[in-house]
Number of protein chains: 2
Amino acid sequence: MDTLDDLIGRLAPDTLLRALAPDQLEILLRKATRRDLRAGETIIAQGDETGDFAVVVLTGGLKISMVSAGGREIILNYCGPGELVGEIAMLDSGPRTATVTAAVPSSVLILPSRTFLDAATASPASVEGVMRELARRVRQLNLVIESDRTFSMAPRLARALVRLVDPDSADGRLRYHPSQSDLGAFAGLARENVSRLLSEWEAQGIVARKGRALLVRDHAYLQTLAEFGDEA
Amino acid sequence: MDTLDDLIGRLAPDTLLRALAPDQLEILLRKATRRDLRAGETIIAQGDETGDFAVVVLTGGLKISMVSAGGREIILNYCGPGELVGEIAMLDSGPRTATVTAAVPSSVLILPSRTFLDAATASPASVEGVMRELARRVRQLNLVIESDRTFSMAPRLARALVRLVDPDSADGRLRYHPSQSDLGAFAGLARENVSRLLSEWEAQGIVARKGRALLVRDHAYLQTLAEFGDEA
DNA sequence: GCGCTAGCGTGATGAACATCACAGACCGCG
DNA sequence: CGCGGTCTGTGATGTTCATCACGCTAGCGC
């Protein structure tokens, strides 16, 4: 079980779990049950009524997506080791609004909602931590809405790429290898335009290609594009 | 102080305050200080670093807006009596990301963050209530993002109107009387197109005009448009 | 009354982007 | 090796919407 201690050591920075006191976190994680997923396997399906658990990624990566009214797939996020997924339905016990599938072979922990709530309410520090973290999420989403409204294609794709770079990799490798269609569904634009933009950026040395894989060369450029749009 | 009891009686349904136990709520509200605002007066400014209080609307209405990277105004929400505003920065003690001004002459209560947190952490029921309410907010925002991405003008304007109708009014009056420019900033489209759409809808009997004021005649139509888009 | 301003209606133009169509390129698998 | 699938590049076309440009109206102060 030393993967568990590993996990606690490098929990993702922006996750709800970080808000819990360390001792409670450890108890919580030891109570959870482990599960392995094949690539493409679904663990949460949009529309499920019984959303009484959340999922912690141990290894691999999950894709969170939903199908829009028009029938198009929208990818909301990719989650890697140390991140918590499905906590919204767990907290408000509503139906699942998105589907979660394994992007690559993965192993996860299943956290029943009661277990999580017990840990979260155990001390005032944990309570305030969880509330703070939830508030941060709301803040983040507000920014996304604002940028979605006003940004054009390029900044949106830039934001998608920035969210996908592997922070541990020096040469700007991505954490996953999405197809251009996936990138489009993630950034909210058509597959053809992903292709056109990437070619352009490759010519300018902003991204590079190594076989299938995409490398982000000029992270700073993409970052400012993602943050301020192309009018800045 | 009977306005206070009034307020407690008809708190807005989707507000964080609802999550608190009634006795704590009353204590909390009695500790808050009251303030009156003239129309157009600003109570919270985007960029303020000391976001250590939230605001409860007693009478009137507040407009929550921000300025986008391109310099355009974006109206995020209108809040009426019984609603809580500014709770995000209060909870995560980050900077203010939006500006709050009085849309009409209003009176509000100022809730210091410490006061709110004490009430929220007082009992496990309150804690779970607040978490549930925050989670609901996140869920709501995810839906907004999804629809913003895929919806065209008409559904977006429909959603704006649905959010503005006065639930207490039988004839579909709005809670405020926004100009077409404001409606555009709220729904994310150009003023001219607001004009065109409203004319079209008026011809179809979906909305009506009484002087300046707008009346929503076919609420159900707008509702389904807002929810499923124009492909349904 | 007269001007003055904020808000409205509506056509013409253009930019941004989705969609369509098709031609390679790559890759596993028999 | 060849063959079918999925992924990719790139032009042509069309839609959707913002933008520009203007004239109109309705208050409102004087």
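In what follows, chains carry the letters A, B, and so on, assigned in the order in which the sequence lines appear, proteins first and then strands, with residues in each chain numbered from 1.
- Salt bridge A:R72/B:E146: absent, no basic N to carboxylate O contact under 4.0 Å.
- Taking every side-chain heavy atom of B:R209 into account, C:dC8 is the closest of C:dC8, D:dA18, C:dA18.
- C:dC8 atom P lies 14 Å from atom CG of B:L197, rounded to whole Å.
- Defined by atom type and a distance below 3.5 Å, a donor-acceptor pair is missing between the side-chain atoms of A:N142 and A:R139.
- Between B:R159 and B:D148, at least one side-chain N (NZ, or NE/NH1/NH2) sits under 4.0 Å from a carboxylate O, which counts as a salt bridge.
- The CZ atom of B:R209 sits 12.5 Å away from the CZ atom of B:R217 when rounded to the nearest 0.5 Å.
- For the pair B:H177 NE2 and D:dG27 P, the interatomic distance rounds to 14 Å; values are reported in whole Å.
- Of the residues in residues 184-194 of chain A, those with a non-hydrogen atom less than 4.0 angstrom from any atom of DNA chain D are A:R191, A:E192.
- When the C1' atom of D:dT8 is taken as reference, atom CG of A:D182 falls 14 Å away, rounded to whole Å.
- Rounded to an integer number of Å, the gap from CZ of A:F151 to P of D:dA18 is 17 Å.
- In this structure, A:R212 reaches the sugar-phosphate backbone alone: every heavy-atom distance under 4.0 Å involves primed, P, OP1 or OP2 atoms, never a base.
- Side-chain contact, B:T50 with B:D52: no donor N or O sits under 3.5 Å from an acceptor N or O.
- A:S152 comes within contact range of the sugar-phosphate backbone alone, with a heavy-atom separation under 4.0 Å but no base atom that close.
- When the nearest nucleotides of DNA chain C are assigned to A:M153 and B:S181 by heavy-atom distance, the more 5′-ward of the two goes with B:S181.
- The side chain of B:S199 has C:dT10 as its nearest neighbour among C:dC8, D:dC17, C:dT10.
- We find the CG-CG distance between A:L215 and A:L161 to be 11.0 Å, quoted to the nearest 0.5 Å.
- When each of A:R196 and B:R72 is assigned the nucleotide of DNA chain D with its nearest heavy atom, A:R196 is the one assigned upstream, toward the 5' end.
- Nucleotide D:dC7 holds its P atom 16 Å from the CG atom of A:L214, rounded to whole Å.
- The CG-P distance, from B:L198 to C:dG7, rounds to 16 Å in whole Å.
- Note: CD (B:E202) to P (C:dT10) measures 10 Å, nearest angstrom.
- Look at CZ on A:R149: it is 15 Å from C1' on D:dA18, rounded to the nearest Å.
- Between B:Q180 and the phosphate of C:dG9, there is a side-chain N or O to OP1/OP2 separation shorter than 4.0 Å.
- Between B:E83 and B:R18 there is no salt bridge, since no side-chain N of the basic residue sits under 4.0 Å from a carboxylate O of the acidic one.
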